[in-house]
Protein chains: 2
Amino acid sequence: MKPTIYDVAEKSGVSIATVSKVINNTGRISKSTREKVTQIMNELQYQPSIIASALTGKITFTFGMIIPDLANPFFAEIARAVEDRAHELGFSMIICSTDNSLDKELKYTSLLLNKNVDGIILATGRDHERDSSLHEIISKKVPVVLIAREMPALAIDTVLVDDYLGGLQATAHLIEQGHQRIAVIAEYENIMSSRERVRGYKAALSNAGIPFDESMIVNCGHSIDDGKQSMRSLIQSGNPPTAIFACNDIIAIGAIQAARELEVKVPDHMSVIGFDNTVMATLIAPQLTTIAQPIKEMGRYAADLLISEIKGTKSAKQRIVLLPELVVRQSTGEPQIAK
Amino acid sequence: MKPTIYDVAEKSGVSIATVSKVINNTGRISKSTREKVTQIMNELQYQPSIIASALTGKITFTFGMIIPDLANPFFAEIARAVEDRAHELGFSMIICSTDNSLDKELKYTSLLLNKNVDGIILATGRDHERDSSLHEIISKKVPVVLIAREMPALAIDTVLVDDYLGGLQATAHLIEQGHQRIAVIAEYENIMSSRERVRGYKAALSNAGIPFDESMIVNCGHSIDDGKQSMRSLIQSGNPPTAIFACNDIIAIGAIQAARELEVKVPDHMSVIGFDNTVMATLIAPQLTTIAQPIKEMGRYAADLLISEIKGTKSAKQRIVLLPELVVRQSTGEPQIAK
DNA sequence: GTGAAAGCGCTAACAC
DNA sequence: GTGTTAGCGCTTTCAC
């Protein structure tokens, strides 16, 4: 059987309190007994039970990560970044994919809370607190950080990229290449980051003195197929744009595929720019010009925020806004017909 | 504060033992007290602490999943499949990415064991028990299942695809298209599945009466770049093949990229077939012909095996071998120069 | 049918 | 410096 603190105490000829003290480096103990106990622990290969200590000491060194879909490369990459930092700090991560279903989000949240996780990193949820499990988490005073999402009305630790700036950069890049008629394919409107990117798009247009055309905004879901369909309708419309700003790489890839199917060449006939810079951006042909989110850093910051919140070494809530970066590849270029 | 079993007992006017019995549906209790207690539990929004019950009742409803890399779409998809089934059965999953480092594998294994996980699903590890954390897991009698890996010398629950058959199917498809000179880009030799795929390749060659040429086997790592480099050397060799069997989609994608850079057209000048059928296969142009692993099923079976092992509702160890399936897309075709 | 009581493995006063 | 002891929230005999 797995040795317990009692076994160590007995074999060392001390009390369990003493053993506990050497484990946790608390109280005062003589060098000699510390050495003795340490030696016995090694001998027995003793490992304190995290479960038992969680029942008293409070923390489980485990947190939950709630994302829309682990099979989505963007979130998988984020999760990996968070995981790495968490492991460095001695924490484990329970993962939950919600498929953006509020039901699942609520269910997983209370599941996690029951398991006494020390905190939760949330990457899902709509704009409003009402539409998320945040209310429950906050009311139980469990540390939480939002990643790649925001909830402006609440004081919550948040790490995200400046979506407005990203949208502006993307659009400005297109304009610089000489495009005037630029469409944007955006995700649901009730997602803040999507709205912000569109806002950046409009700002870039306005900066360049290009009038905004409502019909140049297409909303869609978040699958490749959604991107494909949106692109199709854009191409087949009477007056297609010469460039597309897709609000994320997945949609951009769908758009490129649709273009290929309809024999519209990218970037010769139409430029496409994405957002996120996941691995996928380099897989597709032509390789995707996109706005890079610093995924590694985001994951790291999120883990750091959560864990310092857990350990109580932090007071004020923070909002860390990282800067996106334009990565030029092959899917954008000058419009064929100069105007 | 979170209500405990004591709060429920007090409010219901019964003992904690009785409450425990209604929670777990054990022992005998009258309908009326059961109803009463249930009602109070709802009222208080009582949720039993899994931590506390784990300290006695033994199981934590949590297991570990050890994979090489969460950011690798193949493993992310597997993890997602496992996660879904686990959640259906009331379990949570702690994820650990090892980057194929034995050190990390060992570290994470003992971490998980300390956290009293009920079991572990392992997707990493070399061929030999010595080179994996299996020894520790097994010696502690913790349920374990291997997914997409095997350890033939040990009696362990395993879920995998018939790699030999997959290799054979891939190669046979190429032969059917008229190829004679077929190279294979394989992962490290110390990985069983890779060796099996190569064995299938040889069998297909032999079935077709095509002599085996040692120089047609290239070994490499598991990144896109590794695939790229291998492809480059193959193309630039004096006598390049007309078709490539890449042992996984990632390598295949690297190969296609290298071909594109060297202006070798796929599939006109060279056919490429992959293995796994991850999302990536449909992203790349030309879309990748590949051997599909039934990822969803694999994940589901692995979770089922592990959990029935945990619950003790299973006796004999099983080895579930699923069948791969050829998915023809656009990266394979007839060789340009008929022989 | 129900409850008292003894743990599960550990932490944290507090006493010596 | 070290040990005693009272929990943490729950399960599980074993009486009644």
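Numbers restart at 1 for each chain; the letters A, B, ... are given by sequence-line order, proteins then strands.
A:Ser20 contributes no side-chain N or O that, together with a main-chain N or O of A:Ile16, makes up a donor-acceptor pair within less than 3.5 Å.
A donor-acceptor pair shorter than 3.5 Å can be found between the side chains of A:Thr62 and B:Lys115. Using modelled atom types, one finds a donor on one side chain and an acceptor on the other under 3.5 Å when comparing B:Thr18 with B:Ser15. A donor-acceptor contact closer than 3.5 angstrom links the side chains of B:Thr60 and B:Asp118.
Counting heavy-atom neighbours within 6.0 Å of A:Glu10 CD, excluding the residue itself, gives a total of 12 or less.
Mapping heavy-atom proximity under 4.0 Å, the span of DNA chain C touched by chain A runs 5' to 3' from C:dG9 to C:dA12.
Between A:Phe91 and A:Phe63, the angle of the ring planes lies from 30° to 60°, which puts this pair in the tilted group.
When side chains are defined from C-beta on, B:Leu122 counts as touching B:Glu105, because their heavy atoms get closer than 4.5 Å.
The stretch residues 27-37 of chain B touches DNA chain C through B:Arg28, B:Ile29, B:Ser30, B:Thr33, each having a heavy atom within less than 4.0 Å of the strand.
A salt bridge links A:Arg80 to B:Asp99: one of the charged nitrogens lies within less than 4.0 Å of a carboxylate oxygen. For B:Arg85 and B:Glu88, the salt-bridge test passes: some basic side-chain N is under 4.0 Å from an acidic carboxylate O.
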(request) Decide yes or no on side chain to side chain contact (heavy atoms under 4.5 Å, CB included) for A:Met298 and A:Leu322, but give the supporting numbers first. (result) CA-CA 8 Å; A:Met298 290 171 66; A:Leu322 300 173; 3.4 Å; yes
(request) Can you check each nucleotide of nucleotides 5-16 of chain D against protein heavy atoms at under 4.0 Å and return B for base, S for sugar-phosphate only, - for none, in 5' to 3' order? (result) --BBBBBB----
